[in-house]
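Notes follow once the structure below has been shown.
In this chain, numbering begins with 1 at the start of the sequence shown.
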Amino acid sequence: MSNVLMTAPTVRARSSRPRLRVRRTSHARPTRSVLLTVLTALIGVYALIPLVWLLINATKTQPDLFSSFGLWFSGDFALWDNIVGVLTYDGGVFGRWFLNTLLYVVLGAGGATLLALLGGYGLAKFDFPGKRAVFAVVIGAVAVPGTALAVPTFLMFANMGLTNTPWSVIIPSLISPFGLYLMWTFATDAVPDEIIEAARIDGAGEARTFFQVCLPMMAPGIVTVLLFTVVATWNNYFLPLIMLRDPDWYPLTLGLNAWNAQATTAGGEAIFNLVIAGSLLTILPLVVAFLLLQRYWQSGLAAGSVKE
């Protein structure tokens with residue numbers, strides 16, 4: 001009985017305490033903005049309409065380009081005929097232009113990525129006198145448009161006798177201030193200093209530390225810079241325009257423009273259907289590259305955005 005009397009107040013005291021209700025909350029859902037969704041949709045439509053127009057009109061014959069609606073197919077599906085015409089017109093010069101563009105991309109964009117990788121890693125992980133000055137020069141070079149340097153570059157290459165040669169396009173393409181700055185900032189956050197010090201303590205030299213330890217960590221940044229430089233070199237038009245006179249060294253951009261200009265020359269042949277089909281073939285390698293390297297590119301752009 002005494003035990004019952006002793007436990008009764010305790011039970012009452014416990015029952016009189018306010019009970020805390022634990023609410024189970026679901027995962028926080030991202031806030032949806034109608035305005036942001038509409039703007040994103042408009043930007044997507046703005047970006048896709050030219051591609052859709054190019055794909056649709058690449059299937060049309062020359063007369064159908066002017067007699068049918070631009071955003072819908074015509075009666076005759078001539079995509080294969082247009083592609084064959086592009087590859088065989090003027091002795092198959094389109095293939096030569098494609099190989100020229102590939103040469104400029106491999107040597108120019110590949111070299112620019114390599115130089116940006118080495119320079120960015122060195123600026124991020126080594127201290128030396130004048131580092132702030134180098135940073136100011138790099139930032140200033142990023143702000144200077146390439147067209148502003150085209151004429152001085154042409155005069156310099158003309159004095160060196162390098163105009164109308166592939167080197168007049170490849171050598172300027174090796175310089176990518178934006179790629180250098182991007183690799184600099186990426187290497188600063190992606191490669192911890194402690195890992196480099198541990199590799200040095202284990203007896204690894206600077207070259208081995210860079211290639212075996214740091215290089216795999218910098219892969220997303222390398223792919224990001226590579227994509228930027230490849231697109232810039234592949235779509236380069238103004239620099240080859242002022243540097244090259246021989247059509248055998250034209251890239252795709254300059255060659256397609258020459259085909260398009262035939263309609264305005266005396267006795268020239270209008271081949272707008274081949275120009276459109278050639279433009280479609282020109283952008284396909286870039287689309288494939290972006291689709292294959294998209295995940296590396298996105299992770300490279302987001303690197304360093306979150307601090308722990």
Other residues, nucleotides, ligands: >12 heavy atoms within 6.0 Å of [X] [atom1]:
X: Phe126; atom1: CZ; result: yes
X: Tyr181; atom1: OH; result: no
X: Arg208; atom1: CZ; result: no

What distance separates [X] [atom1] from [Y] [atom2], expressed to the nearest 0.5 Å?
X: Leu182; Y: Phe228; atom1: CG; atom2: CZ; value: 7.0 Å
X: Leu118; Y: Leu115; atom1: CG; atom2: CG; value: 6.5 Å
X: Leu162; Y: Ile170; atom1: CG; atom2: CD1; value: 11.0 Å
X: Ile56; Y: Ser74; atom1: CD1; atom2: OG; value: 10.5 Å
X: Ser279; Y: Leu55; atom1: OG; atom2: CG; value: 12.5 Å
X: Leu114; Y: Ser176; atom1: CG; atom2: OG; value: 12.5 Å

Report task. Determine, stepwise, if the pair Asp193 / Lys125 fulfils salt bridge (Lys or Arg N to Asp or Glu O under 4.0 Å). Result -> CA-CA 8 Å; Asp193 295 334; Lys125 297 304 174 182; 2.9 Å; yes
Side chains of [X] and [Y]: closer than 4.5 Å at any heavy-atom pair?
X: Ser33; Y: Leu39; value: no
X: Val93; Y: Pro247; value: no
X: Thr153; Y: Met243; value: yes
X: Val213; Y: Ile196; value: no
X: Leu280; Y: Leu79; value: yes
X: Asn100; Y: Pro166; value: no
X: Leu99; Y: Leu103; value: no

Under the 3.5 angstrom rule, does the side chain of [X] hit a backbone N or O of [Y] as a donor-acceptor pair?
X: Asn236; Y: Ala232; value: no
X: Arg245; Y: Asn164; value: no
X: Asn82; Y: Ala58; value: yes
X: Thr233; Y: Val230; value: no
X: Gln262; Y: Ala270; value: no

Query raised in the report: side-chain contact (heavy atoms from CB on, under 4.5 Å) between Phe94 and Leu281: does it pass, once the steps are laid out?
Result: CA-CA 10 Å; Phe94 183 86; Leu281 295 178; 4.1 Å; yes
So which atom in [X] and which in [Y] form the shortest heavy-atom distance, rounded to 0.1 Å?
X: Leu174; Y: Gly108; result: CD2-O, 3.7 Å
X: Ile242; Y: Val151; result: CD1-N, 4.4 Å
X: Gly122; Y: Phe128; result: O-CE2, 4.4 Å
X: Phe186; Y: Pro220; result: CZ-CB, 4.0 Å
X: Ala204; Y: Thr209; result: CB-OG1, 3.6 Å
X: Gly119; Y: Leu180; result: C-CD1, 3.5 Å

Query raised in the report: Ring centres of Trp259 and Tyr89 under 6.0 Å apart?
Result: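 When the ring centroids of Trp259 and Tyr89 are compared, they turn out to be within the sub-6.0 Å range.
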**Report entry** Pair Trp234 + Tyr104: ring centers closer than 6.0 Å
**Finding:** no
Requested in this report: May I have the step-by-step check of ring pair (Phe, Tyr, Trp, His ring centres under 6.0 Å) for Trp184 and Tyr121, ending in yes or no?
Outcome: CA-CA 6 Å; Trp184 185 351; Tyr121 175 79; over 10 Å; no
Query raised in the report: Is it true that Lys60 and Asp76 have a side-chain N and a carboxylate O under 4.0 angstrom from each other?
Result: no
**Report entry** With sequence neighbours excluded, residues passing side chain to side chain donor-acceptor pair (under 3.5 Å) with Thr229
**Finding:** Thr113
**Report entry** Side-chain H-bond candidate by donor/acceptor type, Tyr237 with Asn257, under 3.5 Å
**Finding:** yes
Report task. Applying side-chain contact (heavy atoms from CB on, under 4.5 Å) between Thr282 and each of Thr253, Thr101, Leu252, report the one that passes. Result ->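 The residue from Thr253, Thr101, Leu252 that satisfies side-chain contact (heavy atoms from CB on, under 4.5 Å) with Thr282 turns out to be Leu252.
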Report task. Can you spot which of Leu256, Val86, Leu65 makes a side-chain contact (heavy atoms from CB on, under 4.5 Å) with Ile276? Result ->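 Of the listed options, the one satisfying the test is Leu65.
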Report task. Could you give me the CA-CA distance, side-chain angles and deciding distance for Asp64 and Thr61, then say whether side chain to side chain donor-acceptor pair (under 3.5 Å) is met? Result -> CA-CA 5 Å; Asp64 290 339; Thr61 61; 3.0 Å; yes
Report task. Share the residues that join Val137 in a hydrophobic cluster, the rule being Ile, Leu, Val, Met, Phe, Trp or Tyr side chains under 4.5 Å apart at the heavy-atom level. Result -> none
Report task. Walk me through it: do Leu149 and Val144 pass the test side-chain contact (heavy atoms from CB on, under 4.5 Å)? Result -> CA-CA 8 Å; Leu149 301 176; Val144 177; 4.0 Å; yes
Requested in this report: Would you check, one step at a time, whether the test side-chain contact (heavy atoms from CB on, under 4.5 Å) holds for Asp81 with Asn273?
Outcome: CA-CA 10 Å; Asp81 295 335; Asn273 59 325; over 6 Å; no
**Report entry** Shared hydrophobic cluster, Tyr46 / Leu36 (ILVMFWY, side-chain heavy atoms < 4.5 Å)
**Finding:**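 Unlinked, Tyr46 and Leu36 end up in two clusters.
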Report task. Test Trp97 against Trp249 for ring pair (Phe, Tyr, Trp, His ring centres under 6.0 Å), laying out the working first. Result -> CA-CA 7 Å; Trp97 294 339; Trp249 290 115; over 10 Å; no
Query - CA sep, side-chain torsions, deciding dist, call: Thr185, Thr188, side-chain contact (heavy atoms from CB on, under 4.5 Å) - result: CA-CA 5 Å; Thr185 56; Thr188 302; 5.5 Å; no
